[in-house]
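Beneath this line is the structure, given in structure tokens, with notes to follow.
Residue numbers start from 1 in every chain, and the chains themselves are labelled A, B, ... in the order their sequence lines are given, proteins ahead of strands.
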There are 2 protein chains.
Amino acid sequence: MGATKTDSFSDRQNELAILAKALGHPARIAIIEFLLKVETCICGDIVNELPLAQPTVSQHLKELKNAGLIKGNFEGTSICYCINEPGFEKIKDFFQDVINHLEKKKNECC
Amino acid sequence: MGATKTDSFSDRQNELAILAKALGHPARIAIIEFLLKVETCICGDIVNELPLAQPTVSQHLKELKNAGLIKGNFEGTSICYCINEPGFEKIKDFFQDVINHLEKKKNECC
DNA sequence: AATATTAATCGTAATATTGCAATATATAAA
DNA sequence: TTTATATATTGCAATATTACGATTAATATT
């Protein structure tokens with residue numbers, strides 16, 4: 001026990017969970033907010049902005065990348081990370097769906 | 001080490017991370033989808049729907065409740081769980097903001 | 001009060017995540 | 001090719017999460 005029973009859920013459920021999980025850490029929220037706020041997207045600048053060591057930031061960037069929420073490209077000697085819009089669209093749509101269903105349904109029985 | 005450095009991040013960043021993290025498990029996505037799909041919202045029905053034991057489901061429900069994504073009320077002998085709209089609004093707004101910023105900025109340098 | 005039913009909590013084992021120092025890799029410049 | 005700079009990977013310790021059997025708590029019915 002201890003491992004998530006991934007096989008017992010649908011691909012869609014697992015995919016949404018992976019996207020949400022990737023944003024389930026304040027450092028990773030901070031990275032996204034930084035990428036939105038600032039012109040640059042150089043990895044080093046992200047490391048400087050966050051109160052975490054370079055390997056830790058690198059790990060968080062990797063998780064965001066694996067989830068499909070950011071992408072990275074070489075920019076000379078450093079790497080430029082950008083938000084990957086399709087990933088955000090996917091999870092935003094889920095939340096939008098929830099809201100839409102709620103308005104249609106008004107199933108607030110509690 | 002091993003513990004998230006919560007103190008190093010803003011309240012907003014931590015709050016968004018808590019909301020996202022709560023949905024970062026396929027069982028909890030499944031619970032939300034079930035609550036949207038179905039008329040009933042009785043805890044026992046959720047337990048029957050999910051491929052997990054009752055204590056495990058109860059734990060997942062607790063996490064969703066703590067994050068402010070669902071709420072529960074006694075309905076006779078059982079408990080009725082419903083989606084808590086304000087929680088979903090909050091995290092949907094975050095994603096909507098990201099999308100809006102992206103359209104304004106077109107900072108796709110990668 | 002005794003019983004049945006429903007859901008929460010406890011205890012615990014298995015696994016995953018977080019964070020960082022040390023090290024490795026990769027690219028650019030000299 | 002050496003050196004400098006930027007980022008990734010490794011290894012590991014601390015902590016958190018996931019899952020479930022056993023038990024408890026709480027309410028409803030008899």
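The OH atom of B:Tyr81 sits 8 Å away from the P atom of C:dA7 (whole-angstrom rounding). Rounded to whole angstrom, the span from the CG atom of A:Asn48 across to the P atom of D:dT5 amounts to 14 Å. We find that CD of A:Glu63 is positioned 13 Å from P of C:dA16, with the value rounded to whole Å. Nucleotide C:dT18 holds its P atom 11 Å from the CG atom of A:Leu64, rounded to whole Å. If you take CG of B:Asn73 and C1' of D:dA26, they are 15 Å apart, rounded to a whole angstrom. Rounded to whole Å, the distance from CD1 on B:Ile18 to C1' on C:dT17 is 16 Å. Protein atom NE2 of B:His25 is 14 Å distant from nucleotide atom P of C:dT15, rounded to whole Å.
Taking the six-membered ring where tryptophan is involved, the planes of A:His25 and A:His60 are tilted, since the angle between them lies from 30° to 60°.
Among the protein residues, B:Ser58 comes within range of the nucleic acid bases, having at least one heavy atom under 4.0 Å from a base atom.
Of the listed nucleotides (D:dA19, D:dT7, D:dT18), D:dA19 has the atom at the smallest distance from the side chain of B:Leu52. Closest approach to the B:Ala3 side chain among D:dT15, D:dC20, C:dA21 is made by D:dT15 (side chain taken as heavy atoms from C-beta onward). The nucleotide whose nearest atom lies closest to any side-chain atom of B:Pro55 is, among D:dT27, C:dT6, D:dA22, D:dA22.
Residues B:Gln54 and A:Lys62 each lie close to DNA chain D; by heavy-atom proximity, the contact nearer the 5' end of the strand is made by A:Lys62. Residues A:Ile79 and A:Gly2 both approach DNA chain D. Their nearest nucleotides, taken by heavy-atom distance, put A:Ile79 toward the 5′ side.
Within the structure, every side-chain polar atom (N or O) of B:Lys21 is placed at least 4.0 Å from both OP1 and OP2 of D:dA16. Distances shorter than 4.0 Å separate some side-chain N or O of A:Thr56 from OP1 or OP2 on C:dC20. Between B:Thr77 and D:dA28 there is no side-chain polar atom (N or O) within less than 4.0 angstrom of OP1 or OP2. Between B:His60 and D:dT17, a side-chain N or O to OP1/OP2 separation shorter than 4.0 Å is absent.
Counting heavy atoms from C-beta on, the side chains of A:Ile32 and A:Arg28 never come closer than 4.5 Å.
At most 12 heavy atoms of other shown residues, nucleotides or ligands fall within 6.0 angstrom of atom CG in A:Asp11.
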